[in-house]
Protein chains: 2
Amino acid sequence: MKTSASARSETERVTTALRDEIIDGIRKPGSRLVERDLAMDLGVSRVPIREALKQLASEGLVTPRPNTWSTVREFTTSDIADLNEVLSAFEVMTFELAAQRHTRETLSELETVVRRGLEFAERGDAIGARRAAADFHEIVTKISGNALLVEIGGLLSSRKRWLLSQHDDLSHVAEEHSGLFDAIARRDVGGIKSLVLEHLESSQKRQIQHNELKHREPPAEPADDPERFRDDDESDFENIEETAAS
Amino acid sequence: MKTSASARSETERVTTALRDEIIDGIRKPGSRLVERDLAMDLGVSRVPIREALKQLASEGLVTPRPNTWSTVREFTTSDIADLNEVLSAFEVMTFELAAQRHTRETLSELETVVRRGLEFAERGDAIGARRAAADFHEIVTKISGNALLVEIGGLLSSRKRWLLSQHDDLSHVAEEHSGLFDAIARRDVGGIKSLVLEHLESSQKRQIQHNELKHREPPAEPADDPERFRDDDESDFENIEETAAS
DNA sequence: ATCTTCCTTTTTGTATACCAGAATGAGACA
DNA sequence: TGTCTCATTCTGGTATACAAAAAGGAAGAT
């Protein structure tokens, strides 16, 4: 039961398990993540749990609070706006680089995934389509040839997966990926930017549309902030100034 | 002085200490980071050390290897190229947003730092100038108003500090920061991009100039990647490895 | 002399137990 | 009703132990 699959360490297994549970909505936003409980749940000691929680915190899926339990992150509309904003810069860059640097092999790998995505979408397999969509972006990042970009892509991948999990109409996504693939294939470095931005924008619209419908009930506090400013959570985050001293 | 009272946890203290030692070159690239030894060195148990190492690995300052010791990261020219590439997208976005979203208060805070940088540079205080330069970028990121951008900026900050530590002529940097500040102040969203790119480029030139070639081999893969050259000259001598450990 | 193979050492990964201190939550008190 | 106090709950950290994996070296084979 615990020896599920190809995982090299307990920490990794735990991290993967928790991440999936959070993204799949099994762990509700705002719910407590208590180390001892998780340790018993997953049949390991507190050590791997601690490391997993730290990792997931860095991926933005859990909200740690000093000296107390962590919680499953509650994404606000402003969080999502920030994410889309960042994505619009990073993805453009990634695709432009990929269009320049792809090779025969990497391109055919990408084509396979695009095809798979289209098939899944056509026959209504949301889970498969989502996986293909995530794979597509991951492979494009790899093709970009920039190791740091891959790293950042990995950091953002959980959030991206979360975004994808928020809307179920994946057919547009698959088609747009197909168009993006074509642009990469013909090395259309100049034209790919607008395609990427359109892709993000249309994806964004579907998020909002879908999001407003499933308005989750406040787990604790109805922290509704229509403004751009974040009200709560000013405590964590590295203190910017602090060490000034001089 | 160095260890100001602002450290909240052992892990944080350890992380800061190790990070500084690595960036300042006290810990040589490639040297071993053994948990038990570090624990004794820094007078703590293995747990904070482990967490610090994990953190620093995510910041790209240490290279972890499964089931063995970590090492201080050896930056290759390709690593630096990747970093500059990412930075050129990241910083442009950051500054464009900052130019749009700054307020009276944040602007004056920024001005203070710019002034400080100029003063330090003028009187040849490299350490102070470097700190001011790092602060400048950090504050601009904050002004951008995008929490995720701040997060990514934090992740990249160690690498940026490392870059800064590689060249000692900080007067250009301070002056360019002053120019960037002006552009932000006058909300010159259209014109700031070229300024940022120039800033990065000139900084990059000084890096190369100062940076003696110390390469390592890129991951074993035949570079089917003709566009891009990262000047591989021969060498890759049996690197110094952990000659010292002192 | 160089390449394998085997064995010892080193070091991490994980478990377990325990403690101090901070945050929480509930009850006492004004 | 509000706030103060205090027990409880958790985390952050220490210490210790042990299995498993990698590294390093030595013996043996070619």
Side-chain angles (χ1 to χ4, degrees), chain A residues 1-18 27 30-58 61-73 219-221 223 232-239, chain B residues 3 5-18 27 30-58 62-74 238-246:
Chain A
M1 37 184 73
K2 48 174 54 175
T3 48
S4 53
S6 57
R8 315 199 332 246
S9 69
E10 292 295 328
T11 300
E12 242 172 285
R13 255 188 294 274
V14 168
T15 308
T16 306
L18 273 180
R27 307 251 174 200
S31 64
R32 292 182 183 181
L33 296 168
V34 174
E35 291 179 4
R36 187 171 35 80
D37 297 348
L38 293 174
M40 287 208 281
D41 267 16
L42 300 169
V44 296
S45 76
R46 271 178 64 199
V47 179
I49 300 287
R50 287 176 65 144
E51 309 204 330
L53 285 178
K54 213 147 224 191
Q55 170 66 27
L56 294 177
S58 84
L61 290 183
V62 325
T63 307
R65 298 219 298 300
N67 298 306
T68 328
W69 59 71
S70 303
T71 58
V72 176
R73 170 141 183 199
E221 299 148 75
D232 54 356
D233 116 74
E234 60 202 19
S235 49
D236 46 11
F237 272 83
E238 315 265 333
N239 284 338
Chain B
T3 43
S6 56
R8 0 189 67 180
S9 69
E10 292 296 326
T11 299
E12 243 173 283
R13 254 189 294 274
V14 168
T15 307
T16 306
L18 272 179
R27 307 253 174 199
S31 64
R32 293 182 182 181
L33 296 168
V34 174
E35 292 180 3
R36 187 172 37 80
D37 297 348
L38 293 174
M40 286 208 282
D41 267 17
L42 300 169
V44 296
S45 73
R46 272 176 65 200
V47 177
I49 299 287
R50 287 177 66 101
E51 309 204 330
L53 286 178
K54 215 149 223 192
Q55 170 67 25
L56 294 177
S58 83
V62 327
T63 307
R65 300 220 295 303
N67 295 306
T68 327
W69 59 71
S70 304
T71 58
V72 176
R73 170 140 181 201
E74 307 178 72
E238 282 327 291
N239 15 357
I240 325 94
E241 285 282 279
E242 23 71 55
T243 342
S246 48

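Per chain, numbering begins at 1; letters A, B, ... match sequence-line order. The basis for the numbers below is simple: all heavy atoms, side chains too, and nothing from hydrogens, waters or symmetry mates.
- Taking atom CD1 of residue Ile49(B) and atom P of nucleotide dT14(C), one finds them 18 Å apart after rounding to whole Å.
- When Thr15(A), Val72(A), Leu33(A) are each tested for a side-chain contact (heavy atoms from CB on, under 4.5 Å) with Leu56(A), only one passes: Thr15(A).
- To the nearest 0.5 Å, atom OG1 of residue Thr63(B) and atom CZ of residue Arg73(B) are 6.0 Å apart.
- Using a 4.5 Å heavy-atom threshold, the side chains of Leu53(A) and Leu18(A) count as touching.
- Counting to the nearest Å, the P atom of dA22(C) and the CD atom of Glu12(B) are 15 Å from each other.
- Applying the side-chain contact (heavy atoms from CB on, under 4.5 Å) rule to Pro66(B) yields the partners Arg8(A); only residues at least two apart in sequence or on another chain are considered.
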Enumerate, atom names and distances included, each donor-acceptor pair closer than 3.5 Å involving a side-chain atom of residues 38-51 of chain A, sequence neighbours excluded.
{"residue": "Ser45(A)", "atom": "OG", "partner": "Val47(A)", "partner atom": "N", "Å": "3.4"}
{"residue": "Arg46(A)", "atom": "NE", "partner": "Glu35(A)", "partner atom": "OE1", "Å": "3.0"}
{"residue": "Arg46(A)", "atom": "NH2", "partner": "Glu35(A)", "partner atom": "OE1", "Å": "3.0"}
{"residue": "Arg50(A)", "atom": "NH2", "partner": "Glu51(B)", "partner atom": "OE2", "Å": "3.3"}
{"residue": "Glu51(A)", "atom": "OE1", "partner": "Lys54(B)", "partner atom": "NZ", "Å": "3.0"}
{"residue": "Glu51(A)", "atom": "OE2", "partner": "Arg50(B)", "partner atom": "NE", "Å": "3.2"}
{"residue": "Glu51(A)", "atom": "OE2", "partner": "Arg50(B)", "partner atom": "NH2", "Å": "3.3"}

At a cut-off of 3.5 Å, list every protein nitrogen or oxygen paired with a nitrogen or oxygen from nucleotides 6-12 of chain D, distance to 0.1 Å.
{"residue": "dC10(D)", "atom": "OP2", "partner": "Arg36(A)", "partner atom": "NH2", "Å": "2.9"}
{"residue": "dT11(D)", "atom": "OP1", "partner": "Glu35(A)", "partner atom": "N", "Å": "3.0"}
{"residue": "dT11(D)", "atom": "OP2", "partner": "Glu35(A)", "partner atom": "N", "Å": "3.4"}
{"residue": "dG12(D)", "atom": "N7", "partner": "Arg46(A)", "partner atom": "NH2", "Å": "3.1"}

